[in-house]
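So that the names make sense, note that chain A is the first sequence line, chain B the second, and so on, each numbered from 1. Remember, predicted model here, so these are calculated numbers, not experimental data.
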There are 2 protein chains.
Amino acid sequence: MAQATRRERPRSDTEREIRETARNLLVRHGREAVTLRAIARELGITAPALYRYYNSREDLLRQLCDDICLDVSGHLSADLAGIPEGDTTAQVFAVCRGFRRWALAHPHEFALVFASPEGSKAPPAGEAGECGPGPAHDQFGRVFLMVAGRVLITHEVRPPRPVAIPRALVADLEAFRDALLASLAEHGIEVPPERLGLDTVYFMLQFWVRLYGHVALEVFGRFPIAVSDPEPMFESMLTDLATQVGLQVP
Amino acid sequence: MAQATRRERPRSDTEREIRETARNLLVRHGREAVTLRAIARELGITAPALYRYYNSREDLLRQLCDDICLDVSGHLSADLAGIPEGDTTAQVFAVCRGFRRWALAHPHEFALVFASPEGSKAPPAGEAGECGPGPAHDQFGRVFLMVAGRVLITHEVRPPRPVAIPRALVADLEAFRDALLASLAEHGIEVPPERLGLDTVYFMLQFWVRLYGHVALEVFGRFPIAVSDPEPMFESMLTDLATQVGLQVP
DNA sequence: TAGCCATGGTGAACGGTGTTCACAACTTTC
DNA sequence: GAAAGTTGTGAACACCGTTCACCATGGCTA
């Protein structure tokens with residue numbers, strides 16, 4: 001009965017249901033609990049049926065990563081929607097706070113997407129390995145860093161206190177800047193290239209390092225001291241970063 | 001034969017062999033591969049025998065964390081031994097570089113100890129959960145942060161540019177400072193408490209955030225841009241941190 | 001010295017897992 | 001209506017953690 005019903009629905013529906021169930025298991029019981037048989041059980045199906053949709057459990061987990069990236073980027077966009085267009089400072093804060101809040105609320109998803117060793121084994125043939133910087137991860141990175149980038153650019157941004165840019169990084173930074181500008185242009189945001197200096201791009205990288213560092217440490221409980229309430233520390237970091245970049249923080 | 005031989009050796013020997021084998025599996029094939037049966041196989045033993053030494057696989061993994069912490073702290077101490085007593089800057093650099101190098105060389109161990117969700121399930125009875133801040137993790141944190149702390153103190157340290165310390169953090173920071181001073185005194189390093197201001201302690205926390213952030217991002221390949229060689233970036237961060245704290249970097 | 005008993009091993013067994021395969025049922029296409 | 005393709009099933013294999021009854025060994029005490 002349910003089987004007949006399922007077969008009538010389009011393939012993409014079942015595909016979505018599978019990933020939803022997997023997400024649920026991941027969120028509630030961690031990576032080890034997202035098991036083919038558990039998913040199948042939940043869907044009233046047998047485990048081998050899942051192989052009609054995914055090549056293996058690893059493959060499914062990889063696609064889960066994509067879903068998660070899309071999801072978190074959606075969350076951030078939603079948070080951003082509530083901020084007035086002009087208030088760039090609030091936008092930066094909203095995105096960063098949103099990321100932290102999401103990570104704390106979904107530690108297992110965070111661990112899977114942002115804190116798993118890169119698939120050391122090369123995937124079969126040119127496929128994206130594990131869930132590293134692939135299309136969807138880019139999607140997230142884009143929504144995240146592009147938002148930050150747009151914010152940093154539309155605002156009169158003054159580069160932070162001078163830091164020598166390592167020479168070996170210049171090429172990477174230039175590539176990143178170009179990609180960023182292209183991505184912004186793609187979204188209708190025209191930016192004169194001279195507004196986005198390499199030092200600003202470099203600062204964004206360091207911004208990400210600190211943001212990620214704090215969030216990961218908090219999610220994993222790996223601060224070297226018992227921090228009874230990490231939120232003020234996070235806020236302090238945000239204002240520090242914001243003032244460094246020349247944003248006026250209330 | 002081998003069995004009779006094993007029985008004659010003291011219990012601690014077998015215990016050590018088990019963890020060595022487990023470490024090997026972890027390092028070479030990741031967490032999922034450290035399996036009771038695989039360990040037993042390697043030791044010429046059956047899996048149930050392992051239960052004479054550990055209550056469960058999770059228990060074994062927890063103790064593995066302790067071993068790893070001790071190991072990395074040993075590595076750092078060794079690195080430190082090669083630095084002249086007075087050259088505090090070199091000492092800071094050595095510890096940080098050593099940590100990065102170890103993490104890059106042992107990504108799976110790094111992920112297990114420093115990037116695993118805290119055991120959300122309370123361990124049976126007052127036991128240390130997962131491998132979070134427990135005795136051994138403290139051991140690592142001590143060797144690490146204490147080394148950094150000693151270095152920062154023996155040197156004439158001037159607090160970095162003023163940052164408002166969140167009021168909610170003051171109590172935590174004071175507790176940490178006291179613990180740090182006690183730990184230093186325990187190792188024969190007498191330090192006048194007024195030399196270690198709360199702002200310095202706070203800076204050490206932020207130091208750790210950035211160090212951890214960079215290392216984790218590099219280990220997991222989660223930089224938002226393709227960084228062809230992250231080492232100069234790491235070095236740049238180190239010199240930035242060092243100069244901020246008033247160390248003279250060559 | 002004889003017996004006891006804690007220690008540390010064994011093999012069998014249970015339920016769970018990923019994965020493969022032959023096969024069946026249903027849908028679509030020719 | 002037959003052929004082909006799609007999507008499910010159930011059995012099976014190998015592996016996993018874990019429990020259990022059982023057995024050998026060695027050191028202790030009566």
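The distance from atom CG of B:Leu43 to atom C1' of C:dG9 is 13 Å, rounded to the nearest whole Å. Taking atom CZ of residue A:Arg37 and atom P of nucleotide D:dC16, one finds them 16 Å apart after rounding to whole Å. Between the OH atom of B:Tyr54 and the P atom of D:dT18 there is a distance of 14 Å, rounded to whole Å. Atom CG of B:Leu61 and atom P of D:dC16 are 14 Å apart (whole Å). Rounded to an integer number of Å, the gap from CZ of A:Arg57 to C1' of D:dC15 is 14 Å. The CG-P distance, from A:Asn55 to C:dG18, rounds to 15 Å in whole Å. Per the geometry, CZ belonging to A:Arg52 stands 10 Å off C1' belonging to C:dC23, to the nearest Å. Rounded to a whole Å, the CD1 atom of A:Ile39 is 14 Å from the P atom of D:dG8.
Listed candidates were C:dT17, D:dC16, C:dC23. Nearest to the side chain of B:Arg41 is D:dC16. Of the candidates C:dT10, D:dG17, C:dG18, C:dT10 carries the atom nearest the B:Ala49 side chain, counting heavy atoms from C-beta on. In this structure, the nucleotide among C:dG9, D:dG10, D:dG17 sitting nearest to the side chain of A:Thr46 is D:dG10. Distance from the side chain of B:Ile45 is smallest to C:dG9 among C:dT17, D:dG17, C:dG9. Distances were taken from every side-chain heavy atom of A:Leu36 (C-beta onward) to each of C:dG8, D:dG17, C:dT19; the shortest belongs to C:dT19. For A:Pro48, the side-chain atoms get nearest to C:dC21 when compared with the rest of C:dC21, D:dT19, D:dT7. You'll find that the side chain of A:Tyr51 is closest to C:dT19, out of D:dT7, C:dT19, D:dG17.
Remark: B:Arg100 qualifies as a cation-pi partner of B:Phe234 under the 6.0 Å distance and 45° angle criteria applied to the six-membered ring.
Shown here for B:Cys65 and B:Leu112, the closest heavy-atom pair between the two residues is SG-CG, 3.8 Å.
Under 3.5 Å, the side chain of B:Arg11 and the base of C:dG8 form no donor-acceptor pair of N or O atoms.
In this pair, B:Phe114 and B:Phe99 present their aromatic rings perpendicular. The plane angle is above 60°, beyond the 30 to 60° band. Ring pair B:Trp102/B:His106 is parallel by interplanar angle, where below 30° counts as parallel and above 60° as perpendicular.
At a cut-off of 3.5 Å, with distance as the only test, a side-chain donor of B:Tyr202 or A:Ser236 sits close to an acceptor on the other residue.
Within the 4.0 Å cut-off from OP1 or OP2 of D:dT7, not a single side-chain nitrogen or oxygen of A:Tyr53 is found. Not one side-chain nitrogen or oxygen of A:Ser56 sits closer than 4.0 Å to the OP1 or OP2 atom of C:dG18.
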